[in-house]
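Everything on this sheet refers to the single structure shown next.
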Amino acid sequence: MLKVNSVVIYKNSPAVISAVLENAKYTVKFQSTPATATKGAVYGEQNVREKDMILLHEGPCSSLANVLSFAEEKCPLVENLYNLEDKNEIGLQVKDCYELLASDDETKGASFEFEELVSLFHDKMTADESWGMFCALKNTVWFNQNLKEQMNGKLVFTLRSQEEIDSLVKKADAKGKEAELRAAFLERLKANSLLPEDSIYMGDVEALALGKTDKSRTMHDAGIKETVEKAHKLLLDTGVWDITRNPYPIRWGLSMKSASESLASPPQEERYEVPGVSYAIDAENSADPDDAVAYDGKYYWVHIADPASTVIPDSSIDKAARERGATLYIPEGAARMLCEDALEDYALGLKEKSNALSFRLLLDDDANVLECAVMKTVVDVKRLSYRKAEELKESPELKPLFEIARKNVDKRNKAGAVQITMPEVHIYVDRETKKVSVVKDEKYESNEMIRELMLLAGEGAAKFAFQNNIPFPYVSQEEPQIPDEIPEGLAGQFRLRRCMRKRSVGVTPGMHCGLGLHMYSQVTSPLRRYGDLISHQQLRAFIDGRKLLDKDTMLMRISEGDAGAMAARKSERNSNLHWTLVYLLQNPEWTGDAVCVSHAEGKLPQFCIPELAQEAFFDVPGGVELNQTVKVKVSRINLPELQVEFMVAQ
């Protein structure tokens, strides 16, 4: 049985028995927190069993503090201690003991229990000295502790061979040299004078800047606050990164590459061949046309890409698309929700004939949806840019589409739709030079025509699903609270935007007040949005007579997809702002017009800068009126914080 004031090892640390309890238990006192320059040590007590401790010395010791003090002063806890100074008396005694034992063939490589070994180089060991002696043996290259014996409650040490010692010394030398090199690096880092080869030490800083970790040893050692923004700034300041490095997709946990698993070829199935030509109208730089429109004299047709013909619910491709939630569009390029080679088979207008899931709409003269049929089709698609479609707006093929689009706008406005038009730009990044250009998007009536027909398809799909009792994702939006008076111009558009409520997705159709539609669902981008892909899977299952996803499963998968889509949207916003700031850094003499869109007493006026599609708050000497335009320039840019400040240009 152990005694009070015996010294033991408890959880690899020294402890002193302070009480003997019943049932073969003991109370041990240990140090839970070492002393600092400003605070004393903190001690704790714990009731433990004898098998959870290893006896170092029966005692009695004078105090746990003295046990720790002797070890710290006489036997410094240096791993693999071998460079022994004269003042380290106990260390020299350990070395002399080893050399004596190693020179004798009978004791070379032998094992000794702790107390026996200590007796060979030290006079009678006291309890206060026991932990220090244990450390003196454990932390040298001369002896190796037998951990297997320790698990059995015994402290046993074995003499190491010269080869083992030489190997440990070599490793310690390398570690010491590495420590010296790192210390020199930290000095250069603090002085902001890194060498090119110092980048090998910045990996943990990059990991923090990219959101892969929340710690950085380098920044901690350099006394720099460990945040992603500070890490980004440090990488820029030291030249490890340049201003064109965009960290946001990776920081949001997104891949910069498109999905890798290829879709199977479209299945051989019965499809209705739509007569005539349909038109895929899109931006000139679009690479993934996924919709086309036409009018045959009776029906309006909206044809949508049909990847759901191959992407089976809960398949590996479906799960990968659900994780992404949406295609990521950033100025450097697109990381697609479905693989790149899917475009050849599933985008519209890239082949002579295109497979589609088509919405055939019968409309009255006021653009009300009287009937919607959903059909698997083959379509002859011709691609047009918005500019070209604008030139052909009076042609027999396109004129009816423009006319019904105008009527649909009128219909929605009468139902309370809120029409908001905000400045938009397109940001281009040259792959080779990384030079950035920001181009204000040209708006044509053809843009609005396509938008209205897509809304009609969404309205028709919602009615089709409701009439056929298909579990379906309906999109709704509560009525905005719009004040009686709204300013004219851009200021009015900003005021309306602040009034809008958040949209919601559910299994019950409801009014989408922002669009002025009594029921609505998004179905026009299954190549780019996971929610649209699920809508198509449900529609195709109904058409084919297959089992539908139940409401709960469908909503759960949509929710999972929305999480990925939200990350993609945030990454896109961050990336666009990043590249806009890079553009301003590359063009320090830039000036532009800013329109006042809001001002309130006691607050800085709010401005919109249309050619950058940016908002800013700054003061104007002498005051400013709503919708007044002032010339501005950049006063400060903080790229890691995504902050830019503007001021009136003189």
Side-chain angles (χ1 to χ4, degrees), residues 272 274 278 290-296 298-306 308 356-377 379 400-401 403-418 449-479 503-526 529 531-546 548-551 554-555 558:
Y272 173 71
V274 180
S278 298
D290 56 0
D291 57 71
V293 295
Y295 178 62
D296 65 6
K298 180 179 180 180
Y299 296 108
Y300 293 88
W301 291 85
V302 179
H303 309 292
I304 306 299
D306 192 19
L357 188 69
S358 299
F359 299 86
R360 190 187 68 184
L361 303 165
L362 181 64
L363 308 178
D364 65 15
D365 289 339
D366 295 321
N368 294 301
V369 178
L370 302 178
E371 175 190 310
C372 176
V374 182
M375 308 165 64
K376 295 181 288 185
T377 60
V379 191
L401 301 176
E403 289 176 344
I404 202 64
R406 295 177 195 126
K407 291 179 179 179
N408 199 51
V409 172
D410 291 339
K411 175 193 76 176
R412 295 194 300 107
N413 285 342
K414 290 175 182 177
V418 181
M449 180 266 285
I450 291 298
R451 178 174 184 267
E452 293 303 319
L453 285 165
M454 296 306 110
L455 292 177
L456 282 167
E459 182 183 6
K463 290 186 175 182
F464 179 87
F466 182 69
Q467 290 167 356
N468 290 285
N469 200 29
I470 301 171
F472 211 61
Y474 299 98
V475 184
S476 60
Q477 186 180 43
E478 292 183 14
E479 183 178 2
R503 74 162 204 164
S504 61
V505 178
V507 294
T508 303
M511 183 74 183
H512 194 300
C513 295
L515 295 177
L517 296 176
H518 293 283
M519 63 175 65
Y520 175 67
S521 182
Q522 287 187 312
V523 294
T524 57
S525 295
R529 292 192 298 246
D532 296 40
L533 180 61
I534 283 188
S535 298
H536 277 231
Q537 290 172 340
Q538 290 290 82
L539 292 171
R540 284 188 57 92
F542 176 79
I543 294 170
D544 294 341
R546 292 183 281 110
L548 298 162
L549 294 177
D550 62 77
K551 293 178 180 180
M554 182 190 67
L555 282 180
I558 288 175

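Only this structure's heavy atoms are used, side chains among them; waters, hydrogens and symmetry mates stay out. No experiment lies behind these values; they were computed from the predicted model shown.
Interatomic distance, CZ of Arg529 versus CD of Gln522, reported as 4.0 Å (0.5 Å rounding). Interatomic distance, Leu361 CG to Ile404 CD1, rounded to the nearest 0.5 Å: 9.5 Å. Of the inter-residue distances, the one linking Thr524 atom OG1 with Asp291 atom CG reads 6.5 Å to the nearest 0.5 angstrom. If you take OG on Ser476 and CG on Leu515, they are separated by 10.5 Å, rounding to the nearest 0.5 Å. We find the NE2-CD distance between His512 and Glu479 to be 13.5 Å, quoted to the nearest 0.5 Å. Taking CZ from Arg406 and CE from Met449, the interatomic distance works out to 9.5 Å, rounded to the nearest 0.5 Å.
Ser358 is linked by a side chain to side chain donor-acceptor pair (under 3.5 Å) to His303, Thr377, counting only residues two or more places apart in sequence or in another chain. Shown here are the salt bridge (Lys or Arg N to Asp or Glu O under 4.0 Å) partners of Arg451, two or more places apart in sequence or in another chain: there are none. For Lys407, there are no side chain to side chain donor-acceptor pair (under 3.5 Å) partners two or more places apart in sequence or in a different chain. Under the side chain to side chain donor-acceptor pair (under 3.5 Å) criterion, Glu452 pairs with Asn408, Arg412, not counting sequence neighbours. Under the rule for a side chain to side chain donor-acceptor pair (under 3.5 Å), the partners of Asp306 that lie at least two apart in sequence or sit in another chain are Arg271, Arg540. With sequence neighbours excluded, the residues that form a side-chain contact (heavy atoms from CB on, under 4.5 Å) with Lys298 are Asp296, Leu362. With sequence neighbours left out, Glu478 forms a salt bridge (Lys or Arg N to Asp or Glu O under 4.0 Å) with Arg501.
Of all non-hydrogen atoms in Leu453 and Val302, the two that sit nearest each other are O-CG2, 3.6 Å. Of all heavy-atom pairs between His536 and Ala305, the closest is CE1-O, 3.5 Å. Of all non-hydrogen atoms in Ile304 and Pro526, the two that sit nearest each other are CG2-CD, 3.3 Å. Across Val523 and Ser535, no two heavy atoms sit closer than the pair CG1-CB, 3.9 Å. When all heavy atoms are compared, the tightest approach of Ala292 to Ser278 is CB-CB, 4.2 Å. Of all heavy-atom pairs spanning Leu555 and Val505, the tightest one is CD2-O, 4.4 Å.
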Extract all donor-acceptor atom pairs below 3.5 Å that involve side chains of residues 455-473 and protein atoms in other chains or at least two apart in sequence.
unit_1	atom_1	unit_2	atom_2	d
Glu459	OE1	Lys411	NZ	2.9
Asn468	ND2	Phe464	O	2.8

Please tabulate, one pair per line, all N/O donor-acceptor pairs under 3.5 Å involving side-chain atoms of residues 365-373, not counting sequence neighbours.
unit_1	atom_1	unit_2	atom_2	d
Asn368	ND2	Asp364	OD1	3.4
Asn368	ND2	Asp364	OD2	3.0
Glu371	OE2	Arg360	NH2	3.4

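Each salt bridge (Lys or Arg N to Asp or Glu O under 4.0 Å) pair with one or both residues in residues 505-520, not counting sequence neighbours, would appear here, but there are none. For residues 511-520, there are no salt bridge (Lys or Arg N to Asp or Glu O under 4.0 Å) pairs, not counting sequence neighbours. Residue pairs meeting the salt bridge (Lys or Arg N to Asp or Glu O under 4.0 Å) criterion with at least one member in residues 466-476, sequence neighbours excluded, do not occur.
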Are Tyr300 and Leu401 close enough, and set up right, to give a side chain to side chain contact (heavy atoms under 4.5 Å, CB included), and what steps lead you there?
-> CA-CA 8 Å; Tyr300 293 88; Leu401 301 176; 3.9 Å; yes
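At least one side-chain heavy atom of Phe359 sits less than 4.5 Å from a side-chain heavy atom of Val374. Side-chain atoms of Asp544 and Lys376, non-hydrogen and from C-beta on, do get closer than 4.5 Å to each other.
Between the side chain of Asp290 and the backbone N or O of Ser525 there is no donor-acceptor pair closer than 3.5 Å.
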